[in-house]
Amino acid sequence: LRSSRPRRRVNPGFQGQLKLYEAMGCAVDTGSVLYKRYRLEMLSERFSEPQDLPREVFAVDPTTICQTSNTEVLYRCRKCRRALFRSSSILSHTEGIGPTAFAHKRITDSARLSGNGQEKCTSYFIEPVQWMEPALLGVMEGQLLCPKCTSKLGSFSWRGDQCSCGRWVTPAFQIHKSRVDEVRTLPVPNFQTAKT
């Protein structure tokens, strides 16, 4: 194509989709973190104010199903212990450059020097979960409150938000690590029932 028509270029969006497809092993894996992040980015570009989101955007509320994997971690509200999301809902991102990314906010030199260069993320960025739906519809940003005790867990913004590590995440459904507890399940041995 380029040799016959040198001015023609491949659409960058299509190139991005091809790279995503290759990264997923040349198969559409709807459970992949890469796919979930791509789907949310496309939704954030399409909606100026999300009024009616597709049901498949929301992860299943962990209170409605049993845990399926012994390796999956459950995250609960630190205050009331209500299950909020599973580790499969966490959308990881590459770490940013730390405090220098916040230069526009005029961070003092002492705050800049206190970082050791290995700034860690103080929040989880997750896919939307079913219990968030009432808070997300019709608004571009706001607080995320526990559906049981209404304590503040974090915030969301369809336009994106900056992580403490300096990385910009779009869209951002941010839960502060200090507001949740990790619950790891212990493996249950297989007991065989005695035949009578």
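Everything numeric here is computed off the predicted structure, so don't read it as measured data. Values below: all heavy atoms of this structure, side chains included; hydrogens, waters and symmetry mates excluded.
Using a 4.5 Å heavy-atom cutoff, the side chains of L145 and S151 are not in contact. Contact of the P171 side chain with the S157 side chain is not registered, since no non-hydrogen atoms from C-beta on lie closer than 4.5 Å.
Evaluation of the ring pair (Phe, Tyr, Trp, His ring centres under 6.0 Å) rule for F125 yields H93 as partners, not counting sequence neighbours. For S123, the side chain to side chain donor-acceptor pair (under 3.5 Å) partners two or more places apart in sequence, or in a different chain, are Q174, H176. Taking the side chain to side chain donor-acceptor pair (under 3.5 Å) definition, one finds that T122 meets it with S164, sequence neighbours left out.
In terms of heavy atoms, L74 sits closest to P62 at CD1-CB, 3.6 Å. For L144 against S155, the heavy-atom pair with the smallest separation is CD1-O, 3.5 Å. Residues R78 and S178 approach most closely at NH1-O, 3.1 Å, considering heavy atoms. Smallest separation of non-hydrogen atoms from W158 and V139: CD1-O, 3.6 Å. Taking all atoms of both residues into account, the shortest heavy-atom contact from I175 to I126 is CG1-CD1, 3.8 Å.
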Next on the checklist: Assess the residue pair V183 and R81 against the criterion (side-chain contact (heavy atoms from CB on, under 4.5 Å)); give the C-alpha distance rounded to whole Å, side-chain angles, the decisive distance to 0.1 Å, and a yes or no.
Outcome noted: CA-CA 10 Å; V183 179; R81 312 292 298 151; 3.9 Å; yes

Checklist entry - Stepwise, does the side-chain contact (heavy atoms from CB on, under 4.5 Å) test hold for L84 with V180? => result CA-CA 9 Å; L84 299 169; V180 294; 3.7 Å; yes

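Heavy atoms from other residues, nucleotides or ligands lying under 6.0 Å from NZ of K79 number 12 at most.
A salt bridge links R82 to D61: one of the charged nitrogens lies within less than 4.0 Å of a carboxylate oxygen.
The structure places CD of E127 at 10.0 Å from CZ of F173, a figure rounded to the nearest 0.5 Å. The distance from atom OH of Y124 to atom OG of S87, rounded to the nearest 0.5 Å, is 9.5 Å. Once rounded to the nearest 0.5 Å, the distance linking CH2 of W168 with CG of D161 reads 5.5 Å.
Listed by first then second residue, pairs satisfying salt bridge (Lys or Arg N to Asp or Glu O under 4.0 Å) with a partner in residues 139-156 read E141-R159, not counting sequence neighbours.
A continuous path of ILVMFWY side-chain contacts below 4.5 Å connects I90 to V73, so both sit in one hydrophobic cluster.
The aromatic rings of Y75 and F85 sit parallel to each other, their planes meeting at less than 30°, with 60° as the upper class boundary.
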